[in-house]
Amino acid sequence: MTILNDIPQLLQDSGHARGRVAELHLVRAEALRGPSEKATAAQHAKGKLTARERIELLLDAGSFTEVEQLRRHRATGFGLETKKPYTDGVITGWGTVEGRTVFVYAHDFRIFGGALGEAHATKIHKIMDMAIAAGAPLVSLNDGAGARIQEGVSALAGYGGIFQRNTRASGVIPQISVMLGPCAGGAAYSPALTDFVFMVRDTSQMFITGPDVVRAVTGEEITQNGLGGADVHAETSGVAHFAYDDEETCLHEVRYLLSMLPQNNREHPPCTPCTDAPGRRGEALLDLVPADGNRPYDMTRVIEELVDDGDFLEVHERWARNLICVLARLNGQVVGIVANQPQHLAGVLDIEASEKGARFVQMCDAFNIPIVTLLDVPGFLPGVDQEHGGIIRHGAKLLYAYCNATVPRISLILRKAYGGAYIVMDSQSIGADLTYAWPTNEIAVMGAEGAAGVIFKRQIAQAADPAAMRARMVKEYKAELMHPYYAAERGLLDDVIDPAETREVLIRSLVMLRTKHADVPSRKHGNPPQ
């Protein structure tokens with residue numbers, strides 16, 4: 001070994017322990033240093049950090065313990081036998097985030113472009129198995145060029161082992177994928193199986209086939225970012241839950257997300273001390289939400305008024321914006337909030353919103369996070385495209401997710417709650433533990449104008465003044481079936497509450513429901529709509 005030339009002759013004595021220790025330190029220094037300063041400079045020139053720099057940002061200072069640092073591949077052919085760097089292009093181990101154990105693996109793009117070979121995959125398999133056994137979150141820092149072509153099918157089999165473990169860990173430990181470079185083919189499938197995907201603009205991409213293949217097959221010209229960049233996946237495809245401008249901000253937000261999640265499915269999320277008074281009145285809510293159901297408003301401002309210190313983390317913020325999904329705290333307890341957004345498509349449910357909500361509800365249920373649903377929904381989005389796109393099938397995903405959830409569930413109707421969308425969004429009839437409403441609520445099969453047009457169609461048509469007759473019938477329908485206490489009188493609401501008292505009501509309800517236990521039928525698993 002060439003490194004022995006750096007050890008004083010006296011210490012090279014095979015029987016001298018100090019010589020062996022000195023050799024160990026040199027070997028470790030070589031592994032920590034990486035392939036070359038030139039490779040590190042090239043990584044930095046692309047606006048990217050090295051794998052070890054990323055791990056340092058993610059984990060608490062000095063907490064990282066590396067596993068199989070000295071692993072090298074055993075492949076031969078195509079010149080591989082002369083290139084056997086330590087780590088084989090992936091750094092694996094564990095550390096802490098805010099004092100809690102987190103497992104991590106990070107591709108080192110400086111070594112084989114972060115491509116996955118047999119030894120590389122085996123290291124990832126091992127750290128995934130350790131995370132599952134220890135019951136702690138797993139974070140992958142992805143910056144790899146896919147399968148190592150020189151190793152052929154062995155590399156592909158390595159991906160299979162990762163996918164199998166992703167699936168086995170699903171709903172058992174939180175899995176977070178952080179995309180920090182180009183990830184194509186098999187490298188993109190593992191993140192798709194995890195709970196959350198983070199991306200960095202300009203430097204990270206995800207696609208099954210790259211621009212060159214797309215051009216060859218379809219003739220379409222497109223850039224890497226145009227095909228699979230962070231903004232594409234955050235706004236159009238919905239593959240990415242979060243997108244940030246730089247790696248430092250991205251990794252800081254990963255730490256924040258981890259602080260909101262439990263270690264595993266057997267624990268509750270961490271509860272933190274709260275300085276925001278549980279009984280704080282939200283007088284601003286009386287002005288934020290217009291009584292007129294046709295006037296839009298920003299639901300995120302309502303959420304800010306309700307949660308601790310107005311602080312929350314929005315998931316899929318830029319995809320399916322007619323539905324909001326956030327993680328926040330109420331009196332220090334983590335909750336998941338699902339809410340319609342009247343500022344976008346009037347808050348209707350469509351295909352993408354249904355998928356977004358279903359996935360979020362399932363995640364909350366898997367990790368013991370109570371769900372609060374804020375309703376202001378005029379129904380499902382009508383249209384040929386929606387029907388042909390399978391709105392029935394996709395809408396059923398959200399319905400299934402709510403019906404299947406056993407965590408504490410509270411729903412609050414702020415304003416409109418019409419038709420099937422009202423039932424789907426955690427109504428009392430599908431198992432919500434508690435259902436509240438503001439005095440501005442309107443719960444009905446459809447809006448008064450539409451209902452009156454159906455029920456009183458003949459009277460309106462035969463009237464001397466059809467417009468006046470329609471207005472009268474609309475008023476009559478509202479007075480009879482849509483007044484704010486109609487549902488409460490029939491036991492479909494637990495209470496109609498003062499909007500200013502909403503925070504206190506939710507917190508008191510969550511305290512009561514914290515020990516909720518729900519027996520579920522014995523089954524291998526359900527068969528949710530796809």
Side-chain angles (χ1 to χ4, degrees), residues 38-39 41-49 51 75 77-80 83 89-90 106-117 120-121 140-160 162-163 166 177-194 197-247 250 316 318-320 351-352 355 385 388-390 530:
K38 182 179 178 181
Q43 182 81 345
H44 288 162
K46 297 174 184 174
K48 302 197 298 183
L49 301 174
F78 306 102
L80 284 178
K83 298 177 183 178
V90 64
H107 299 130
D108 190 341
F109 193 82
R110 300 172 303 166
I111 298 175
F112 300 128
L116 181 137
H120 182 122
S140 62
L141 305 179
N142 299 274
D143 187 5
R148 196 173 299 170
I149 299 172
Q150 299 93 322
E151 295 194 32
V153 71
S154 297
L156 292 178
Y159 273 124
I162 294 173
F163 304 156
N166 283 138
S177 298
V178 188
M179 317 310 292
L180 300 165
C183 296
Y189 279 119
S190 176
L193 291 170
T194 60
V197 176
F198 287 73
M199 294 188 74
V200 176
R201 292 186 183 90
D202 298 327
T203 58
S204 68
Q205 300 89 28
M206 295 173 68
F207 34 70
I208 300 303
T209 55
D212 292 341
V213 176
V214 170
R215 186 184 308 111
V217 175
T218 70
E220 296 172 287
E221 293 283 346
I222 194 165
T223 64
Q224 285 197 343
N225 281 320
L227 182 63
D231 289 327
V232 168
H233 287 310
E235 296 179 12
T236 305
S237 73
V239 171
H241 299 78
F242 307 96
Y244 299 100
D245 290 331
D246 57 80
E247 294 189 15
C250 181
H316 268 145
R318 295 160 60 198
W319 181 62
I351 288 173
E352 291 185 345
E355 290 189 337
D385 288 344
H388 288 185
Q530 297 296 324

For residues [X] and [Y], determine if any side-chain heavy atom of one lies less than 4.5 Å from a side-chain heavy atom of the other.
X	Y	result
Gln224	Phe207	yes
Val197	Met206	yes
Ile162	Leu116	yes
Gln205	Asn225	yes
Tyr189	Phe163	yes

> Parallel, tilted or perpendicular: which fits the ring planes of Phe242 and Phe198, with parallel below 30° and perpendicular above 60°?
Replying inline: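 Phe242 vs Phe198 ring planes: parallel.
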Testing the basics here: between [X] and [Y], what is the closest heavy-atom pair and its distance to 0.1 Å?
X	Y	result
Ser177	Asn142	CB-ND2, 3.9 Å
Pro182	Phe109	CG-CE1, 4.4 Å
Val232	Gly226	CG2-O, 3.4 Å
Glu352	Thr236	OE2-O, 3.9 Å
Lys48	Leu180	CD-O, 3.3 Å
His44	Leu49	CD2-CA, 4.3 Å

Within this structure, what is the [atom1]-[atom2] distance for the pair [X] and [Y], rounded to the nearest 0.5 Å?
X	Y	atom1	atom2	result
His107	Ser140	NE2	OG	7.0 Å
Asp143	Arg110	CG	CZ	10.5 Å
Met199	Cys183	CE	SG	8.0 Å
Gln43	Asp108	CD	CG	7.5 Å
Thr209	Leu227	OG1	CG	6.5 Å

> Mind checking what makes side chain to side chain donor-acceptor pair (under 3.5 Å) contact with Asp245, not counting sequence neighbours?
Replying inline: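 Partners of Asp245 by the side chain to side chain donor-acceptor pair (under 3.5 Å) criterion, ordered by chain and then number, come out as Arg201.
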> Under 3.5 Å, is there a donor-acceptor pair between the side chain of Thr194 and the main chain of Pro191?
Replying inline: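 Yes; judged by distance alone, with no hydrogens or angles, the pair exists.
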